[in-house]
Amino acid sequence: KPMRHRDISNNSSSSSRLATAVPTPRHDLNRPPKPATAAAAAANTITTVPQQQQQQQPAVAIPALAPTAAAAASAAAVAYDAAYTADTWSRRPVPVVARLLEIVAAFGGWWARAAVHKDTTRAAADMRTVLVNLGPAFVKIGQALSSRPDVLPPEYLRELELLQDRIPPFPDDEALQVIEEELGVPWRRVFSTLSSSPVAAASLGQVYRGTLVGSGAEVAVKVQRPGVVDAIGRDTFILRNLAAVARQQLKLNTDLPALVDEWAASLFKELDYRREAANGIRFAELFSFMPEVAVPHMYSELTTPRVLVMEWIAGERLRTASQQAPAAAAAAAGSPVAAAAAGSSVLSAAEVANDLRLV
């Protein structure tokens, strides 16, 4: 059975802004929800009025959606509770031991191969593959280490940076199933089009490009990987126990299990896409006085813990923009040499496509 974690998301003031978007139904999770009133059953559209942003979006007609059993179940599993996780997985020793052996074999194989060929670049690429194969929790660890030049050499940093948006996607039919389970209607009732494949895939989910029914507004649809909550809960339980053993054997003063708990708590917050939507709305409000800051509109009526729908905005990475800025500025000043440099800095189509990936 999927893990059930105590939901503490309502403790966040920003998340409370979306409390009406995905209310927790009081019905049997094995049966589809019923409208609370006849008027609610008769309504077929609702109108979204966006928050004040740099550009006012037109009102969008969206099919009215009732909360679903799947959305209620996923909402109950988006907060980390160390005691509950330990109680749940301590009762399931077989999958825990099997997973532990898988982790030991993966890293043991990497260490043996690195010891044989003694090639740092090759070992770094191998490490990235190992982390991807081990799943979301280990990909997240790799992502965190990719920004730590004080911990890892440059070869590893370059490889682990690829974990930001170059993760193998999960099947499209599973993604569509998640969308329909969370929204409670066939996806074509909400989106007139969806890209045939994800435009980007990351550790926790993948993103599709689509258009809304009626308005034709372009949106990015972020879909969470099936089973990711259960997998991260199991791996967190294993890592916490390994941290406790390491602390005892190495006689460390640092509370390693507490560090794992802190990391897991922040990771589980990422599993509730309503938080991300609430943060986006809050960010737009705080920076509404700066027209040069573009914030995508969040469609909170279509957002659940496992599905996030927001306005599609094309852009490029800050790193790419910062690399192009000096040459572009010099070219604007009229220097022939600088102009040539600016021309050589133009990105290829493949590089532009890569920069448009969503993490």
Side-chain angles (χ1 to χ4, degrees), residues 1-9 15 22 29 68-82 84-86 88-89 92 95-96 98-100 102-103 106 128-144 163-183 197-208 220-240 260-277 303-309 357-359:
K1 296 181 180 179
M3 294 181 60
R4 295 287 301 278
H5 292 268
R6 178 165 52 86
D7 190 358
I8 61 174
S9 61
S15 296
V22 191
L29 295 182
T68 67
S74 55
V78 291
Y80 175 70
D81 187 324
Y84 186 86
T85 301
T88 300
W89 288 102
R92 304 173 63 183
V96 169
R99 177 60 170 174
L100 178 60
E102 181 184 3
I103 294 171
R128 175 174 59 84
T129 302
V130 167
L131 295 177
V132 170
N133 292 337
L134 286 177
F138 290 89
V139 171
K140 280 295 181 182
I141 294 174
Q143 290 176 350
L163 295 175
Q164 298 292 342
D165 58 3
R166 297 187 185 181
I167 306 297
F170 59 92
D172 296 321
D173 56 346
E174 294 183 14
L176 295 178
Q177 182 178 354
V178 170
I179 293 174
E180 294 183 348
E181 287 177 354
E182 292 289 299
L183 300 184
S197 60
V199 296
S203 57
L204 302 182
Q206 57 196 35
V207 177
Y208 293 83
V221 184
K222 187 176 181 180
V223 186
Q224 193 173 108
R225 289 179 180 271
V228 69
V229 174
D230 209 30
I232 291 179
R234 176 199 58 200
D235 288 348
T236 299
F237 172 73
I238 294 174
L239 292 173
R240 195 178 191 279
V260 174
D261 288 340
E262 186 69 21
W263 169 77
S266 63
L267 179 55
F268 267 85
K269 289 179 181 179
E270 294 185 43
L271 296 173
D272 189 349
Y273 288 167
R274 297 172 303 175
R275 287 179 178 269
E276 185 172 344
T303 296
T304 74
R306 295 197 296 164
V307 174
L308 171 63
V309 181
R357 287 177 174 269
L358 301 178
V359 178

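Just so it is clear, the values below take in all heavy atoms, side chains as well, and ignore hydrogens, waters and symmetry mates. We're numbering straight along the sequence, starting at 1.
- Annotation: the span from Glu276 atom CD to Leu204 atom CG amounts to 10.0 Å, rounded to 0.5 Å.
- For Arg128 (side chain) and Leu163 (main-chain N/O), no donor-acceptor pair under 3.5 Å exists by modelled atom type.
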### Message
If you apply the rule side chain to side chain contact (heavy atoms under 4.5 Å, CB included), what do you find for Glu174 with Val178, and how did you get there?
### Response
CA-CA 6 Å; Glu174 294 183 14; Val178 170; 5.7 Å; no
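- Residue Ser203 comes nearest to Ile167 through the heavy atom pair N-CG1, 4.0 Å, listed as atom of the first residue, atom of the second, then distance.
- Between the OG1 atom of Thr85 and the CZ atom of Arg234 there is a distance of 12.5 Å, given to the nearest 0.5 Å.
- Using a distance-only test at 3.5 Å, with no hydrogens or angles considered, no donor-acceptor pair links the side chain of Arg275 to the main chain of Pro305.
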### Query
Going through the distances and angles, do Asp230 and Trp89 end up as a side chain to side chain contact (heavy atoms under 4.5 Å, CB included)?
CA-CA 10 Å; Asp230 209 30; Trp89 288 102; 3.5 Å; yes
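- Distance CG/Leu134 to CD/Glu102: 6.0 Å, rounded to 0.5 Å.
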### Task
Could you go through the side chain to side chain contact (heavy atoms under 4.5 Å, CB included) check for Leu131 and Ile141 one step at a time?
CA-CA 8 Å; Leu131 295 177; Ile141 294 174; 5.7 Å; no
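- Note: Tyr80 OH to Leu267 CG = 10.5 Å, rounded to the nearest 0.5 Å.
- Listed here is the closest heavy atom pair of Phe268 and Ile232: CE1-CG2, 3.9 Å.
- The salt bridge (charged side-chain N to carboxylate O under 4.0 Å, His left out) search around Arg240 returns Asp261, not counting sequence neighbours.
- Under the side-chain hydrogen bond (donor to acceptor under 3.5 Å, both in side chains) criterion, Gln177 pairs with Glu181, sequence neighbours left out.
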### Task
Go through the steps for Lys140 and Glu270 under the test side chain to side chain contact (heavy atoms under 4.5 Å, CB included), then give the verdict.
CA-CA 11 Å; Lys140 280 295 181 182; Glu270 294 185 43; 2.8 Å; yes
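- Tested against Glu182 for a salt bridge (Lys or Arg N to Asp or Glu O under 4.0 Å), the candidates Arg274, Lys222, Arg306 yield a single pass: Arg306.
- Minimum interatomic distance between Gly205 and Tyr273 (heavy atoms only, all atoms of both residues): CA-OH, 4.0 Å.
- For Asp172, the side-chain contact (heavy atoms from CB on, under 4.5 Å) partners are Ser197, Pro198, Gln206, Tyr208, not counting sequence neighbours.
- For the pair Arg225 and Ala201, the tightest heavy-atom approach, listed with the atom from each and the gap, is NH2-CB, 4.2 Å.
- Taking 4.5 Å as the limit, every side-chain heavy atom of Phe138 sits out of range of all side-chain heavy atoms of Asn133.
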